[in-house]
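Reading through the structure tokens given below for one structure.
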Amino acid sequence: MKPPAYLAALLALLLLWPSPGAASERPGLAAGAAAGAASGTASGTASGAASRAAVAGPGLAAAGWSWPLNPKPAVLRAFDPPAKPWLGGHRGVDLQASHDSAPVTSPAHGTVSFVGVVVDRPVITVDHGNGLRSSFEAVRSDLDAGAAVAEGDVLGWIQPGHCTPGPCVHWGVRRGETYLNPLAFVSDLRPSVLLPPLDPAPG
């Protein structure tokens, strides 16, 4: 007869539990863990969203940015980068706005690096540091290049012309010259992992 599942788990835990002298036998490990925790707290406070953004990218967890529209928008057109830089594709996402002239907010803190017209649409770009930049079109803005923005600050207001028939904003994110999926910064795009089922009953 097999022991109940909880007893087997408890026995395994007791066998793996370190002896009281284990930490003192390996002071470097304990000190390293404490230093790492302290360092992580300090660096997390100092670097904020910009450092979190450095780990985001296709297939990775969200970087902790905010959606640039409120309420959370529907995605009208997904990220579809071209196989080659000169080919057609969709180098960002189109997000549905709730109404005309809806405010667009900065998804993370940064500095406005460009405000102007590209072809025939008003565009604003925010430099978030770590080589990351967000661009939004068609968005009219009263900000100037060099303005500092915090996460959630209003960058401008959606203008008609990008989507039909309803209002939307095109959001693109680049690291250097490489386009990234903006949804990776606000959603967890990692694939789901199915775990094996637990033993339903002992015996």
Side-chain angles (χ1 to χ4, degrees), residues 48-110 112-141 143 149-194:
S51 64
R52 295 196 306 271
V55 300
L60 299 182
W65 289 12
S66 300
W67 288 91
L69 295 178
N70 187 31
K72 178 181 174 181
V75 178
L76 299 178
R77 187 176 177 191
F79 181 62
D80 184 22
K84 301 291 183 181
W86 57 87
L87 297 177
H90 196 232
R91 297 168 174 84
V93 292
D94 290 344
L95 304 178
Q96 184 177 32
S98 59
H99 59 276
D100 290 328
S101 300
V104 176
T105 58
S106 183
H109 79 269
V112 176
S113 58
F114 175 81
V115 180
V117 175
V118 177
V119 186
D120 59 350
R121 294 174 186 165
V123 175
I124 181 168
T125 300
V126 178
D127 186 335
H128 301 293
N130 293 315
L132 287 166
R133 288 172 289 168
S134 286
S135 291
F136 300 93
E137 60 174 277
V139 175
R140 178 185 66 82
S141 179
L143 298 176
V149 292
E151 181 177 338
D153 282 356
V154 173
L155 299 175
W157 299 268
I158 293 176
Q159 302 299 291
H162 186 67
C163 296
T164 55
C168 81
V169 64
H170 176 85
W171 178 24
V173 174
R174 285 188 292 171
R175 177 179 284 121
E177 296 305 313
T178 302
Y179 286 89
L180 305 176
N181 186 350
L183 299 186
F185 293 82
V186 290
S187 304
D188 193 339
L189 300 184
R190 292 176 298 182
S192 299
V193 177
L194 296 178

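Reckoned from all heavy atoms, side chains included, excluding hydrogens, waters and symmetry mates. Here, residue 1 is the first one in the sequence, and each next residue gets the next number.
- We find the CG-OG1 distance between L155 and T105 to be 7.0 Å, quoted to the nearest 0.5 Å.
- Closest non-hydrogen pair, Y179 versus R91, comes out as CD2-O, 3.3 Å.
- Distance alone, capped at 3.5 Å, is enough to place a donor-acceptor pair between the Q159 side chain and the W157 backbone.
- Residue pairs satisfying the salt bridge (Lys or Arg N to Asp or Glu O under 4.0 Å) criterion with at least one member in residues 124-137, sequence neighbours excluded, are listed as follows: R121-E137, R133-E177.
- Rounded to the nearest 0.5 angstrom, L69 CG and I158 CD1 are separated by 5.0 Å.
- Going from atom OG of S134 over to atom CZ of R174 covers 10.5 Å, rounded to the nearest 0.5 Å.
- Between the CZ atom of R140 and the OG atom of S101 there is a distance of 7.0 Å, given to the nearest 0.5 Å.
- Under the 4.5 Å side-chain criterion, counting only non-hydrogen atoms from C-beta, L95 is in contact with V75.
- Listed by chain and number, the residues in a side-chain contact (heavy atoms from CB on, under 4.5 Å) with V115 are V112, I124, S141 (sequence neighbours excluded).
- Interatomic distance, H128 NE2 to E151 CD, rounded to the nearest 0.5 Å: 9.5 Å.
- In this pair, W171 and F136 present their aromatic rings parallel. The plane angle is below 30°, not in the 30 to 60° band.
- A pairwise comparison of heavy atoms in V93 and F79 identifies CG1-N, 3.6 Å as the closest pair.
- The heavy-atom pair separating C168 from L76 by the smallest distance is CB-CD1, 3.8 Å.
- From N130, atom CG reaches atom CZ of R175 across 7.5 Å, with rounding to the nearest 0.5 Å.
- Nearest heavy atoms, V126 versus S106: CG1-OG, 4.3 Å.
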